[in-house]
Amino acid sequence: MTSTAGVPFLKGHGTENDFVIIPDPDGLLDLSPGTVARLCDRRAGIGGDGVLRVVRSAAHPEAKHMAAEAEWFMDYRNSDGSVAEMCGNGARVFARYLERAGLAGPGDLAIATRAGVRQAHIAKDGGDITIAMGAARVTEPDGTGGEITVSVAEHTWPVRKVDMGNPHAVAFVSDLADAGRLLDAPEVRPATAYPEGVNVEFVVSRGPRHVALRVHERGAGETRSCGTGACAVMVAAARRDGTDPRRDGTAVTYTVDVPGGRLEITERADGEIEMTGPAEIVAEGSIEPTLLS
């Protein structure tokens, strides 16, 4: 299906990382990259950092194998139309939509994503949502046999390579302003370190187990928040501080400030990471057919 009249949508955000939500339970809509980009256009479209298409796992070829574990698949697209493996803030907003639509209630919820099944917990009375983000894979600055760096203008920093189901490059800086305007993707070297692109986080310390970040998201530019990025930053900060829950046997929690709010990130003793934060639905309506055609 390439165009449909009266397609419903909702708008939501998690710490101001905002998304166009399109319910498509039977997987009938054909959202081309161009269509997604038009929907996310902040002047000519609805506007958003990405699109969350809500599809039954059994109805989507990429999610059928997860249908027994999770009824709903989060088909996430970046604002440029490219497909992404996972979006932490998006997962919270996705769970909030399911709750609002009566498709889930407070308590535990499984969500299928391209990075695998993620478990969510919806607090009662519209409270925060916790997403089990899986375990991180961390590469130290010299862990690949050669240093990976990121550059903005005259500044260059080493990065920690962190995989959260999607790729991240975490740089610790003295001032977040040094990251510049982040209109364009920062230069990461060597380019072979991230052959499919990367989300780049710039991080400063705010206090004990408290950091703040700015992020350039692959396919979206600078955003007000990035859930997987906040998790990557928490893990990189913990390793920098000499903490590894899998080694120490004790969970650790960091507060991560993003431009759009605050997230609490916990790495458990088994290495699993949990992200807790708000998610809100702010609008709903109907998409004009011309925006989809």
Side-chain angles (χ1 to χ4, degrees), residues 13-17 19 49-50 74 76 78 84-95 111 113-121 128-140 150 159-172 194 197-206 209-220 222-241 243-248 250-279:
H13 76 91
T15 50
E16 298 183 9
N17 196 188
F19 309 95
D49 292 323
M74 185 179 79
Y76 178 63
N78 295 311
E85 302 92 340
M86 174 59 182
C87 177
N89 289 321
R92 295 202 318 280
V93 173
F94 189 90
I111 299 172
T113 77
R114 289 185 176 86
V117 175
R118 295 290 185 259
Q119 299 296 325
H121 182 83
D128 285 351
I129 295 175
T130 298
I131 302 292
M133 300 290 289
R137 291 184 294 167
V138 185
T139 302
E140 297 298 329
V150 61
V159 304
R160 280 181 168 85
K161 185 176 183 180
V162 183
D163 191 294
M164 286 298 309
N166 59 355
H168 295 270
V170 180
F172 292 95
Y194 298 98
V198 63
N199 304 288
V200 182
E201 287 82 26
F202 300 89
V203 188
V204 296
S205 296
R206 293 286 192 231
R209 296 183 179 177
H210 185 184
V211 295
L213 68 82
R214 289 178 63 198
V215 58
H216 184 282
E217 286 198 60
R218 175 185 59 171
E222 182 172 17
T223 60
R224 299 284 293 169
S225 181
C226 176
T228 56
C231 294
V233 163
M234 177 268 155
V235 173
R239 300 300 181 272
R240 177 201 62 179
D241 297 341
T243 300
D244 185 341
R246 281 179 287 198
R247 179 197 66 202
D248 305 334
T250 303
V252 62
T253 298
Y254 276 64
T255 298
V256 181
D257 292 340
V258 297
R262 176 169 286 180
L263 297 165
E264 297 292 330
I265 313 296
T266 297
E267 187 177 14
R268 303 185 330 213
D270 62 1
E272 293 294 306
I273 297 169
E274 296 178 338
M275 174 186 62
T276 300

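Bear in mind the structure is a predicted one, so any value in this text is a computation, not a measurement.
Summarising the geometry of Ile265 relative to Ala230, their closest heavy-atom pair is CG1-O, 4.0 Å, with the distance given to 0.1 Å. Across all non-hydrogen atoms, the minimal contact from Met86 to Ala115 is CB-CB, 3.8 Å. Across all their heavy atoms, Gly14 and Val93 have their closest contact at N-CG2, 3.6 Å. The minimum heavy-atom distance between Pro167 and Gly197, with the atom names listed, is CG-O, 3.3 Å. The minimum heavy-atom distance between Asn78 and Gly219, with the atom names listed, is CB-O, 3.6 Å. Closest approach of Ile111 to Ala95, counting heavy atoms only: CD1-CB, 4.1 Å.
Among residues two or more places apart in sequence or in another chain, the side-chain contact (heavy atoms from CB on, under 4.5 Å) test is passed with Asp244 by Arg239, Arg246, Arg247. By the side-chain contact (heavy atoms from CB on, under 4.5 Å) test, Ala220 is found to be paired with Ser79, Glu217, Thr223, residues two or more places apart in sequence or in another chain being considered. In this structure His13 satisfies the side-chain contact (heavy atoms from CB on, under 4.5 Å) test together with Glu16, Asp18, Glu280, Val282, sequence neighbours excluded.
Note that CZ of Arg92 is 4.5 Å distant from CE of Met275, once rounded to the nearest 0.5 Å. Rounding to the nearest 0.5 angstrom, the gap separating the SG atom in Cys226 from the CE atom in Met164 is 10.0 Å. Once rounded to the nearest 0.5 Å, the distance linking CD of Glu274 with CE of Met234 reads 11.0 Å. The structure places CZ of Arg262 at 12.0 Å from OG1 of Thr15, a figure rounded to the nearest 0.5 Å. Separation of atoms CG (Asn17) and SG (Cys87) is listed at 5.0 Å; rounding is to 0.5 Å. Atoms OG1 and CD1, on Thr228 and Ile131 in that order, are 12.0 Å from each other to the nearest 0.5 Å.
Judged by distance alone, with hydrogens and angles left aside, the side-chain atoms of Arg268 form no donor-acceptor pair with the main-chain N or O of Ala251 at under 3.5 Å. Between the side chain of Asn199 and the main chain of His168, no donor-acceptor pair closer than 3.5 Å is present.
For the pair Asn89/Leu263, a side-chain contact is recorded, criterion being any heavy-atom separation below 4.5 Å from C-beta on. Phe172 has its side chain within reach of Arg160: a pair of non-hydrogen atoms, C-beta onward, lies under 4.5 Å apart. The closest side-chain heavy-atom distance from Val200 to Val198 is below 4.5 Å. Contact annotation: the side chain of Asp248 approaches that of Thr243 to within less than 4.5 Å [non-hydrogen atoms, C-beta and beyond]. Under the 4.5 Å side-chain criterion, counting only non-hydrogen atoms from C-beta, Gln119 is in contact with Val117. Annotation: side chain of Phe202 is in contact with side chain of Val150 (closest heavy-atom distance under 4.5 Å).
A side chain to side chain donor-acceptor pair (under 3.5 Å) with Glu264 is found for one member of Thr255, Thr276, Thr130 and no other, namely Thr255.
Side-chain contact of Asn166 with Tyr76: a donor-acceptor pair under 3.5 Å is absent, judged by distance alone.
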